[in-house]
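Have a look at the structure below before the remarks.
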Amino acid sequence: MEVKIPGYCALCIAHCGCSSIVRDGVLISVQNLPGHPTGQSLCIKGKSAPEMVYSPERILTPLKRTTPKKSLDPGWTPISWEEALDTITTTLLGIAESSGPEAITLGVTTPSATGISDSFPWIHRLANALGSPNVLFATENCIWHKDSAPRFTYGHSIGMPDYERTGCMLLWGFNPATSWRTQAELVLRAQKRGAKLIVVDPRRAGLANRADEWLRVRPATDGPLAMALAYQLISNDRYDEAFMKQWTNGPLLVRADNGELLTSELVIGDFPETSYLAWDSQQRKVIPYDPMAGRYLGATDHLALRGSFAIPTTLGELSCTTAFQLYADECSRYPAQRGEELTGVPSRQIADTARLLYESGPVSFYTWTGTAQQSQATQTGRAIALLYALTGSLDSPGGNVRFTKIPEANIMGTALLAEEQRAKRLGLDDRPLGPAASGWITSLDLYRSVVEGEPYRTRALLSFGSNPLLTKPKAKTASQALEDLEFYVHADLVLNPTASHADIVLPVASPWERSGLSFGFQVSQSAESWAQVRPAVIQPRGESRSDRWIVFELARRLGLNEAFFEGDCRAARHHRVDPSGLSLENLEAHPEGIPLPLTTQYRKFEKEGFATPTRKLEVYSERFLKCGYAPIPRFTNERPEDHDFPLRLISAKWIHFCHSQHRSIPSLRRSMPHPLVELSPQAMESRGIEDGDWVEIRTREGAIRALAKRNKSLKEDVACSQYGWEQESGGNYNALISDRIFDSISGSNTLREVRCRIEKIVVSEV
Ligand SMILES: Nc1nc2c(c(=O)[nH]1)N[C@H]1C(S)=C(S)[C@@H](COP(=O)(O)OP(=O)(O)OC[C@H]3O[C@@H](n4cnc5c(=O)[nH]c(N)nc54)[C@H](O)[C@@H]3O)O[C@H]1N2
Ligand SMILES: Nc1nc2c(c(=O)[nH]1)N[C@H]1C(S)=C(S)[C@@H](COP(=O)(O)OP(=O)(O)OC[C@H]3O[C@@H](n4cnc5c(=O)[nH]c(N)nc54)[C@H](O)[C@@H]3O)O[C@H]1N2
Ligand code: SF4
Ligand SMILES: [Mo]
């Protein structure tokens, strides 16, 4: 019997609506699902679902290591779920009792490129209920710059371009044609309607080929480029002055003596306590701004956005400058010509792009990992966020908006974690505003804790997916940490190189063998209004189980049932769905999904202000100042040239694979059998390299091999390679990266800011 079951593909963030064709209990094929907001088409990975499901690489039973950690063969032996779960429970309880639950780290792979989105919040709930503040996640190299860093400026993530209404789209270090095809489709549709497209990328990849302006930025100079564009807007009066005055903290006065915002305590007069001060240029006196109420106490018609003023205070006369003036001054260090020198983008193009931004708004933007994996990544995120603020399009029709979401219960269980445990989160002391403040630790923090016992020793890791040996820098420290771990449990579909260091491996069912719930599909209001419970379409293979099942089973054994709906998965799902007003039964009866009549609320800040310390969009971040970071983005010069390593190496994603996954899927591997490195024709010629030659890529950290591929869009000194390949296939790109250079605010590693040299490998060496 053949059935066609609607659902969505959970393999990556696009969550494309799809139908599964199942014959006699076997998944035959997967097709797109017309009518679904993300169901227009599927990529080759989605179409290869049956190969993934029935891959001989799948783990089908729990496995136990039977040889010492350092031995090459782990001697995997199948064990029962009972034995696996009991061993895990006893060991974890023992560690929690003797060293505290913080000695146990939970790991989780990325929901943007795996089906872990089905159970992501449950894994966090398990950590919180257990009392562990440490969840290892790829934030610092992944979502930090679009979800967390903008909070320092806007108080919220960058939201989503309102593609249906936008006039100009700015894609910055983001290639949705490969990484989020449903966004790419909306970009194309907007272009057809006449919207303009600007792409900032060292490579002319994907939609950059159709851009009105493609800015070929020198890798990792995005911060200076954002400042240079902002300077064009400000110096030519091409910005939304009214928005900057009314909704940003640009008018607030900053003390020249210590960089703090001037507060009312220091100023003689009848001002409410703890208010900030701005300058009224007509009455030539200060006006207080109450951050609690989010408003000025007085008329704002003549608020000065720019200028420096001598303010009489109890400390004597203090020289103060408006925050916006300080920002404008910092931008003025980047006139177009200097912008060109620093970033490689021609000065004329910098000026033209700024004009396009001004003339073709409303402007929307999206940035992702192109700007994430750099040594000044957070300030780069701030610089882009501020450039965008100048357009005045934020949260307005056609700008970046946060679409109205379907209400659902938050099940992360954040409140279950005691404050005292939260304070122990690894990395919090070193980077107080970094991922640790949002709940996540970085791999470097984990390795240090395991290997050096600093600030305390991590003894166990319970990881749901993830492959840090290939996806994080410098594999050596990682291998040692994995070996030093007293107890490592890894739940996955396949045995990846990191999992081969585990003590116990748990077999995870694929998304087609388990159900999932998606409230909203992100890319538009209609997509965000789509609620869907995806059914399992086939039985789990072997003894594999969903991550959620594993979490609930462990919670029960660990005595955490109270936080887990007494072990009743269905009651938990009811709880999650209830606030939406939909019934779980109704959702299950409509596996194609149910649209809700939600409408977008624009300019929410008019009612709520911004969720920042000043309740305004923060041009000036006192929070940064207090942590010792520049309150207005400031960039130090590039790392010096290294003549032995003249090329700038970057990496990017390819449509065939997600990160280190999928290399064993035959149809995908056939279309990409070997790792590639793209080089400019000039770089190839000068090195005697031809298309398809094997080359060696060498950095100060190590060397890998890849096949050369001509890419005429690259500058002569830039090479773009792939990551995620194992050593046997050519090499692990991230072993070329030093773990000692990272963004001091977020811990983001310089995965794209590496100097290398590339040479042809003579055939006898291959
Ligand atoms: N050089 C370089 N390195 C990078 C990047 C880059 O651009 N350049 N990108 C970075 C980014 S953005 C990210 S997010 C990280 C990703 O880093 P990782 O999280 O390490 O990602 P993957 O390599 O995809 O490994 C995912 C693992 O999870 C397993 N898995 C898949 N689905 C499930 C599931 O449903 N449940 C469970 N339990 N396991 C599952 C897969 O089989 C695989 O073994 O890599 C980063 N590394
Ligand atoms: N096929 C596929 N899709 C995926 C994933 C996958 O692994 N494979 N992973 C998912 C995940 S976890 C994530 S985080 C997203 C990421 O999605 P994207 O951010 O779109 O992914 P990338 O291709 O790594 O990077 C985007 C672009 O940044 C450019 N770039 C490199 N260096 C620089 C630089 O210094 N400055 C600028 N401006 N650009 C630069 C690259 O050339 C590339 O075209 O994709 C998701 N979707
Ligand atoms: S883009 Fe491909 S892998 Fe991602 S959800 Fe769509 S079909 Fe699945
Ligand atoms: Mo990511």
Side-chain angles (χ1 to χ4, degrees), residues 7-18 30-33 38-49 52 109-117 137-147 170-185 199-208 214-223 225-226 343-345 366-377 380 384 471 511 518 521 648-662 668 672 678 711 713-714 718 720-724 750-754:
Y8 60 89
C9 174
L11 291 180
C12 88
I13 185 135
H15 277 189
C16 300
C18 69
V30 177
Q31 302 170 350
N32 69 305
L33 180 60
T38 56
Q40 288 81 349
S41 61
L42 302 179
C43 81
I44 50 171
K45 298 184 294 300
K47 288 182 190 154
S48 75
M52 291 188 190
T109 183
T110 169
S112 305
T114 73
I116 207 74
S117 45
F137 177 44
T139 339
E140 75 280 11
N141 294 324
C142 175
I143 59 167
W144 176 253
H145 308 80
K146 71 184 187 70
D147 289 346
L170 171 59
L171 303 184
W172 199 313
F174 171 50
N175 179 17
T178 293
S179 60
W180 195 338
R181 56 194 284 113
T182 45
Q183 273 207 62
E185 282 163 11
V199 174
V200 186
D201 197 312
R203 298 187 305 149
R204 192 164 204 154
L207 296 172
W214 163 52
L215 278 61
R216 185 167 66 168
V217 67
R218 182 174 294 140
T221 62
D222 300 272
L225 181 60
T343 70
V345 178
Y366 209 83
T367 180
W368 209 350
T369 54
T371 57
Q373 298 157 358
Q374 309 183 3
S375 63
Q376 302 183 70
T380 298
I384 297 173
T471 55
S518 187
F521 289 75
R648 293 156 201 271
L649 181 63
I650 58 172
S651 57
K653 290 162 181 65
W654 257 253
I655 194 73
H656 315 72
F657 311 119
C658 284
H659 309 296
S660 70
Q661 300 169 73
H662 306 144
L668 300 178
M672 179 66 72
E678 294 181 333
N711 181 337
S713 78
L714 288 175
V718 174
C720 179
S721 188
Q722 297 176 334
Y723 65 98
T750 51
L751 302 177
R752 313 201 180 196
E753 206 185 336
V754 199

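Each ligand, and each atom within it, is numbered from 1 in the order the structure gives. Computation of the quantities below employed the complete heavy-atom set of this structure, encompassing side-chain atoms and omitting hydrogens, waters and symmetry-equivalent molecules. Residue numbers run from 1 in the order of the sequence given.
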Within a strict 4.5 Å, meaning less than it, do heavy atoms of the [X] and [Y] side chains meet?
{"X": "N141", "Y": "T369", "result": "no"}
{"X": "Q183", "Y": "F174", "result": "yes"}
{"X": "N711", "Y": "C720", "result": "no"}
{"X": "M52", "Y": "H662", "result": "yes"}
{"X": "C16", "Y": "N32", "result": "no"}
{"X": "P202", "Y": "I650", "result": "yes"}
{"X": "W368", "Y": "H145", "result": "no"}

Counting from 1, what ligand 2 atoms have a heavy atom of [X] closer than 4.0 Å?
{"X": "I650", "answer": "31 (C), 32 (N)"}
{"X": "A220", "answer": "34 (C), 35 (O)"}
{"X": "W172", "answer": "38 (N)"}
{"X": "P219", "answer": "35 (O)"}
{"X": "W654", "answer": "1 (N), 2 (C), 8 (N)"}

Just need the protein heavy atom nearest to [atom], so name the residue and atom and give the distance.
{"atom": "atom 30 (N) of ligand 2", "value": "R752 NH1, 3.5 Å"}
{"atom": "atom 8 (Fe) of ligand 3", "value": "C9 SG, 2.3 Å"}
{"atom": "atom 11 (C) of ligand 2", "value": "S112 CB, 3.7 Å"}
{"atom": "atom 46 (C) of ligand 2", "value": "S179 O, 3.5 Å"}
{"atom": "atom 26 (C) of ligand 2", "value": "G173 O, 3.4 Å"}
{"atom": "atom 2 (C) of ligand 2", "value": "F657 O, 3.5 Å"}
{"atom": "atom 14 (S) of ligand 2", "value": "C142 SG, 3.2 Å"}
{"atom": "atom 4 (Fe) of ligand 3", "value": "C12 SG, 2.3 Å"}
{"atom": "atom 34 (C) of ligand 2", "value": "G370 O, 3.2 Å"}
{"atom": "atom 5 (C) of ligand 2", "value": "K653 CD, 3.6 Å"}

Give a yes/no on ligand 2: does P202 have at least one heavy atom closer than 4.0 angstrom to it?
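Yes, P202 has a heavy atom closer than 4.0 Å to ligand 2.
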State if K45 counts as touching ligand 2 under the rule of any non-hydrogen atom under 4.0 Å.
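Contact present.
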For ligand 2, note which part of Q374 has a heavy atom under 4.0 Å away: side chain, backbone, both or neither.
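Q374 to ligand 2: side-chain contact only, backbone stays beyond 4.0 Å.
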Classify the contact between E753 and ligand 2 as side chain, backbone, both or neither, using a heavy-atom distance cut-off of under 4.0 Å.
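It is neither; nothing of E753 touches ligand 2.
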Go through F137 and I143 one step at a time and tell me if the side chain to side chain contact (heavy atoms under 4.5 Å, CB included) criterion holds.
CA-CA 10 Å; F137 177 44; I143 59 167; 3.9 Å; yes
Proximal candidate to [atom] [heavy atom criterion; set [options]]:
{"atom": "atom 15 (C) of ligand 2", "options": "Y723, W368, W180", "answer": "W368"}
{"atom": "atom 22 (P) of ligand 2", "options": "T110, T367, T369", "answer": "T369"}
{"atom": "atom 9 (N) of ligand 2", "options": "H656, H659, R203", "answer": "H659"}
{"atom": "atom 41 (C) of ligand 2", "options": "V217, V718, D201, T114", "answer": "D201"}

Element-labelled atoms of ligand 3 that are located less than 4.0 Å from some non-hydrogen atom of [X]:
{"X": "R181", "result": "1 (S)"}
{"X": "L11", "result": "3 (S)"}
{"X": "K45", "result": "3 (S)"}

For G7 and L33, which heavy atoms make the closest approach, and how far apart are they?
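Taking G7 first and L33 second, the nearest heavy atoms are O-CD2, 3.8 Å.
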Provide the closest heavy-atom pair for T114 versus Q661 in the form atom of the first, atom of the second, distance.
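So the two residues come closest at CG2-NE2, 3.5 Å.
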Would you check if the side chain of [X] reaches a backbone N or O of [Y] as a donor-acceptor pair within less than 3.5 Å?
{"X": "R216", "Y": "S713", "answer": "yes"}
{"X": "T38", "Y": "H15", "answer": "yes"}
{"X": "K45", "Y": "I655", "answer": "yes"}
{"X": "E753", "Y": "S375", "answer": "yes"}
{"X": "R648", "Y": "V718", "answer": "no"}

What's the verdict on side chain to side chain contact (heavy atoms under 4.5 Å, CB included) for W172 and I384, showing C-alpha distance, side-chain angles and the deciding distance?
CA-CA 9 Å; W172 199 313; I384 297 173; 3.7 Å; yes
What about [X]: any of its N or O atoms under 3.5 Å from an N or O on ligand 2?
{"X": "D222", "value": "yes"}
{"X": "A113", "value": "no"}
{"X": "V200", "value": "yes"}

Yes or no on side chain to side chain contact (heavy atoms under 4.5 Å, CB included) for C658 and L11, after CA distance, side-chain angles and deciding distance?
CA-CA 8 Å; C658 284; L11 291 180; 5.7 Å; no
Do any of the N/O/S atoms of C43, backbone or side chain, fall under 2.8 Å from atom 2 (Fe) of ligand 3?
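Looking at C43, which is the residue asked about, there is an N, O or S atom under 2.8 Å from atom 2 (Fe) of ligand 3.
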Mind checking whether H15 contacts ligand 3 via backbone (N, CA, C, O), side chain (CB onward), both or neither, at a 4.0 Å heavy-atom cut-off?
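Backbone only.
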Looking at atom 6 (Fe) of ligand 3, is there an N, O or S atom belonging to C16 that lies under 2.8 Å away from it?
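Yes, since at least one N, O or S atom of C16 sits under 2.8 Å from atom 6 (Fe) of ligand 3.
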Where do V754 and Q373 land on the side chain to side chain contact (heavy atoms under 4.5 Å, CB included) test, with the steps shown first?
CA-CA 11 Å; V754 199; Q373 298 157 358; over 6 Å; no
